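Keep in mind that the numbers below use all heavy atoms, side chains included, and drop hydrogens, waters and symmetry copies. Small disclaimer: the values here were computed from a predicted structure and weren't measured.
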Amino acid sequence: FELALEALATARTLAPDAPGIELRFAQANYHLGRLDEAEAALARASTQGQAGAPEVLLYAGLVALDRGRLELAIERLEAGVRAAVERIAL
């Protein structure tokens, strides 16, 4: 995941508004146990039009769960599943 973060940093420099980069930052940081960084990247992804994306919601739920915020985790995870089902139904 460290190598992924390096590649993503380069991608962010070259195309800062490219969709998906912040989500990938969040995922890599989450898997490295860097919850603050993961949460910040999820917030940036949300401001780039991905607020309702299933992946963003699911990772936000995982971060909340790891922080012991069970009600928020359930809310985000359920929203992520609903968003994924809606995406499939389209």
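Under the side chain to side chain contact (heavy atoms under 4.5 Å, CB included) criterion, Ala84 pairs with Pro54, not counting sequence neighbours. Among residues two or more places apart in sequence or in another chain, the side chain to side chain contact (heavy atoms under 4.5 Å, CB included) test is passed with Leu3 by Glu6. Qualifying side-chain hydrogen bond (donor to acceptor under 3.5 Å, both in side chains) partners for Gln50, counting only residues two or more places apart in sequence or in other chains: none. Not a single ring pair (Phe, Tyr, Trp, His ring centres under 6.0 Å) links Phe25 to another residue, sequence neighbours left out.
Applying the ring-ring contact (aromatic ring centres under 6.0 Å, His included) test to residues at least two apart or on different chains, the pairs with a partner in residues 41-82 are Tyr30-Tyr59, His31-Tyr59. Sorted by first and then second residue, the salt bridge (charged side-chain N to carboxylate O under 4.0 Å, His left out) pairs with a member in residues 76-90 read Glu55-Arg87; sequence neighbours excluded. Applying the side chain to side chain donor-acceptor pair (under 3.5 Å) test to every pair with at least one member in residues 33-45, sequence neighbours left out, gives these pairs: Glu2-Arg34, Glu22-Arg44, Asp36-Arg67, Glu39-Arg67. Among pairs with a residue in residues 60-90, none fulfils ring-ring contact (aromatic ring centres under 6.0 Å, His included), at least two apart in sequence or across chains. Note on residues 60-83: no pairs pass ring-ring contact (aromatic ring centres under 6.0 Å, His included), not counting sequence neighbours. A ring-ring contact (aromatic ring centres under 6.0 Å, His included) check over residues 68-90, counting only residues at least two apart or in different chains, returns nothing.
Hydrophobic clustering of Ile, Leu, Val, Met, Phe, Trp and Tyr side chains at less than 4.5 Å, counting indirect connections, unites Leu35 with Leu42. No chain of hydrophobic side-chain contacts below 4.5 Å, direct or via other Ile, Leu, Val, Met, Phe, Trp or Tyr residues, connects Leu58 to Ile88.
When all heavy atoms of Ser46 and Val56 are compared, the closest pair comes out as OG-CG1, 3.8 Å. What you find for Ala83 and Gly52 is that their closest heavy atoms are CB-O, 3.5 Å. Across all their heavy atoms, Ile21 and Ala15 have their closest contact at CD1-O, 3.5 Å. Pairing each heavy atom of Ala45 with each of Leu23, the nearest pair is CB-N, 4.1 Å.
Residue Leu57 belongs to no hydrophobic cluster, having no ILVMFWY side-chain heavy atom closer than 4.5 Å to its own. Clustering of Ile, Leu, Val, Met, Phe, Trp and Tyr side chains at separations under 4.5 Å places Leu65 together with Leu70, Ile74.
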